[in-house]
2 protein chains.
Amino acid sequence: MATIYDIAEKVGVSVATVSRVINGVNHPIKGETRQRILEAAQELNYRPNTIAKSLAQGRTHTVALLIPSITNNFYTQISEIIESKLDEEGYNIYLCNTKRSIEKESRYVENLIARRVDGVIFSPTRVRPEDNEANLDNITELSRNNIAVVTFGSRFPNVSQIYINTYYGACEAVRYLLKLGHRQIGFIDGLTAGTRRRRRKGYLDTLKEAGIEGEELIISGDLEMEGGYRCALQLLQRNNPPTAVIAVNNLMAIGVIKAAKEIGIKIPEDLSVIGFDDSLLSQVIEPSLTVVKQPLVEIGNAAARLLIRQLHGETEAETVEFNTRLVIRESCRAR
Amino acid sequence: MATIYDIAEKVGVSVATVSRVINGVNHPIKGETRQRILEAAQELNYRPNTIAKSLAQGRTHTVALLIPSITNNFYTQISEIIESKLDEEGYNIYLCNTKRSIEKESRYVENLIARRVDGVIFSPTRVRPEDNEANLDNITELSRNNIAVVTFGSRFPNVSQIYINTYYGACEAVRYLLKLGHRQIGFIDGLTAGTRRRRRKGYLDTLKEAGIEGEELIISGDLEMEGGYRCALQLLQRNNPPTAVIAVNNLMAIGVIKAAKEIGIKIPEDLSVIGFDDSLLSQVIEPSLTVVKQPLVEIGNAAARLLIRQLHGETEAETVEFNTRLVIRESCRAR
DNA sequence: TAATATTAGGTAAACGGTTACCTTTTTTTA
DNA sequence: TAAAAAAAGGTAACCGTTTACCTAATATTA
């Protein structure tokens, strides 16, 4: 493959001149020379070697996106937005799928440091509370190696991050159900700390305000449809089953609807259901699903902005906060 | 950041020795020396610089996945499989989202060459027939720069590729509907050449065998739910509306169901619907959708295998062929 | 015990760019 | 018209590895 040396030789100039022309740097070059260099580059089918460039400049113009799942629309939609923003700034992205595995996450971090990415946007996995430590390790490890970091989905000190006020989202969902007259409200959470834990807290706090104990109607699923399905069966076959269920994500809420249908419980007549996140699924299922929606576009844009800010040299961490919005569809009814 | 020079200096050996220890190459090293080097590496928090390594070795251990959409489950599921396969082999992947834009696709190809990826798995976008040329240009451009290429979704000469026999998939769908007694079968395709065009051909051929002209019941959508919805409205409001509709992908089929519901047409009683691909959506919608399913896992595995084969030096192109499978759910009924 | 192999390590070129610092020529300015 | 400035280009060190080729010491073999 042709290099700038080949071009330099062909044209009869030094590589410095070739490099300057190719990169359009601010250094005077005679028009004719420039022309000849560009023509030679064309003829030799020259392609700049980004690897060599990165080595020389110490910047790769690459950032990584570390997300728990690439088959989950919540993350891919955010990713798509982030990608187009960073593309505009001339960055390429590694999309890394951690599959909710702490171990894979750490391996990726190690790898990204070795690859000298300029920045990372990171939605840490936190299946068990103690995972928080591994998350933190990963983040400090990145920072220690001069890699810009932006997180979303969990909260960390001294890190630029997107914070979604999911606590109030959960409160809103519960209040809505209370207003509809529900008193027995089930809650399917996800065995995870961080975001979903705050949702649970919002749920409990709001119930307590209304003088209701919710603890025993909490159950943990695996964040997939199957999990929602199984949890719903357990909840609905209790002696005193809930009249409404909140699931901590979209897929599990769909699982709840499926389970209810199977055992002949009508939604929304006999059971109200609320999910988190939003997707085509929630709109398409019957009845369509009332959800606590997170502002995907805003999250994506903000994450990209925070990262770019750091890549441009800003060192102080910034937190951007968003609120959720309750999107009312057909899956809830007054009792 | 620490380099092998720092380690070499600290231990009092040459960088060659350090490099050998770090990479565990087949070269004898005294146990004690090895120990001291590893300790020094640890203490200095050494991270190998993949960039420098790539430059020296001429291989990046990176492959790119070029797909039309990262929010479409069909592609992300395949991607996930490919990713885990390649991960096992020590490759990292760039997931590139072409958004069905030929222009973006070409930009990516340019960029991937500059980044010297070792290989590319590519599902080319072909919105108009003439895009075929751009697709081919991209593929030859990659090959010309010694980058291994595997394609899926379109057919090219002399390229390792996954071929899904979608023609027979369409035939099967039509035959199924014919057997159910349908004679007026609408077809919503996607303005695209390649795969979807072969589906159309399968549709037409099979109808012709049965002595039916299908041309006028063909209509083109945008591959999104909205497109399916609009096309369905057009088809269903004809004088002589179809009693069955095949949509060339999943999302448009969902759009058809939505449209039918809105104008009071019952599925499957008044209208049978078949989609292509498969996803949770098809299972969750009511009635659940009968689809022509593509073997995602097999496609992903085969794509990875074909690429690895090339990365290991095999130069001859290999084509792997898969058949679709008709998954019968509730959206069709005999007339 | 001399010849040969093996072990252990070092030297330096190469990978393909960038860029600080020079030099020479031409143009501008006072 | 001499001095200063701008234009045009070159030289070579540097980025952090790998690796072919060497050397020296030690172990093995006949």
Side-chain angles (χ1 to χ4, degrees), chain A residues 1-38 40-41 44-62 90 111 113-118 145-146, chain B residues 1-38 40-41 44-62 90 111-118 145-147:
Chain A
M1 258 177 101
T3 69
I4 55 172
Y5 284 87
D6 301 324
I7 299 178
E9 194 179 351
K10 180 160 186 172
V11 177
V13 295
S14 74
V15 291
T17 306
V18 176
S19 175
R20 286 171 185 135
V21 168
I22 302 277
N23 294 292
V25 297
N26 186 23
H27 188 100
I29 303 279
K30 221 203 298 181
E32 188 221 325
T33 309
R34 175 189 314 280
Q35 206 50 47
R36 282 166 54 218
I37 288 174
L38 292 177
L44 294 171
N45 191 34
Y46 170 76
R47 306 303 177 95
N49 185 325
T50 311
I51 304 294
K53 197 167 184 155
S54 296
L55 184 59
Q57 295 189 136
R59 315 188 347 113
T60 54
H61 287 277
T62 304
N111 194 275
I113 294 173
R115 288 179 181 269
R116 301 295 192 270
V117 296
D118 294 338
N145 287 283
N146 291 314
Chain B
M1 258 177 102
T3 71
I4 54 171
Y5 283 90
D6 301 323
I7 299 178
E9 195 179 349
K10 181 159 187 175
V11 177
V13 295
S14 75
V15 292
T17 305
V18 176
S19 175
R20 286 170 186 138
V21 168
I22 301 276
N23 293 292
V25 297
N26 185 22
H27 189 101
I29 303 279
K30 223 202 297 179
E32 188 221 326
T33 311
R34 177 190 313 280
Q35 207 50 46
R36 282 165 56 218
I37 288 174
L38 292 176
L44 293 171
N45 191 33
Y46 170 76
R47 306 303 178 95
N49 185 326
T50 310
I51 304 295
K53 195 168 184 156
S54 297
L55 184 59
Q57 296 189 137
R59 318 190 342 116
T60 53
H61 287 277
T62 305
N111 193 275
L112 296 172
I113 294 173
R115 288 180 181 267
R116 302 294 193 271
V117 297
D118 294 338
N145 287 282
N146 291 314
I147 296 174

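Remember, it's a predicted structure, so these values are computed and weren't measured experimentally.
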Sugar-phosphate only, base, or nothing, as touched by [X] at under 4.0 Å among non-hydrogen atoms:
| X | result |
| --- | --- |
| A:Ser19 | base |
| B:Ile4 | base |
| A:Val25 | nothing |
| B:Thr33 | sugar-phosphate |
| B:Thr3 | sugar-phosphate |

Would you say A:Ser14 places a side-chain N or O within less than 4.0 Å of OP1 or OP2 belonging to D:dT11?
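A:Ser14 to D:dT11 OP1/OP2: no side-chain N or O under 4.0 Å.
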Quick one: is B:Tyr5 getting a side-chain N or O under 4.0 Å of the D:dC14 phosphate, OP1 or OP2?
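False: B:Tyr5 side-chain N/O out of range (4.0 Å or more) of D:dC14 OP1/OP2.
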Find out whether A:Arg115 and A:Thr60 are in side-chain contact, i.e. whether some heavy atom of one side chain is under 4.5 Å from a heavy atom of the other.
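Sidechains of A:Thr60 and A:Arg115: no contact.
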Could you check if a side-chain atom of A:His61 sits within less than 4.5 angstrom of a side-chain atom of B:Asn111, using non-hydrogen atoms only?
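A side-chain contact is absent here, since even the closest heavy-atom pair is not under 4.5 Å.
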Starting at CD1 of B:Ile113 and ending at C1' of C:dG16, how long is that distance when rounded to a whole Å?
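In whole Å, C:dG16 C1' lies 17 Å from B:Ile113 CD1.
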Quick check on DNA chain C: between A:Asn49 and B:His27, whose nearest nucleotide comes earlier from the 5' end?
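Upstream on the strand: B:His27.
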Between the base of C:dG10 and the side chain of B:Arg20, is one N or O donor paired with an acceptor at under 3.5 angstrom?
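Check passes, donor-acceptor contact within cut-off.
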At their closest point, which heavy atom of A:Ile51 faces which heavy atom of B:Leu55, and how far apart are they?
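A:Ile51 and B:Leu55 have their closest heavy atoms at CG2-N, 3.7 Å.
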So, taking the atom named CG in B:Leu44 and the one named CD in B:Glu9, what distance separates them when rounded to the nearest 0.5 Å?
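So the CG of B:Leu44 and the CD of B:Glu9 are separated by 10.0 Å.
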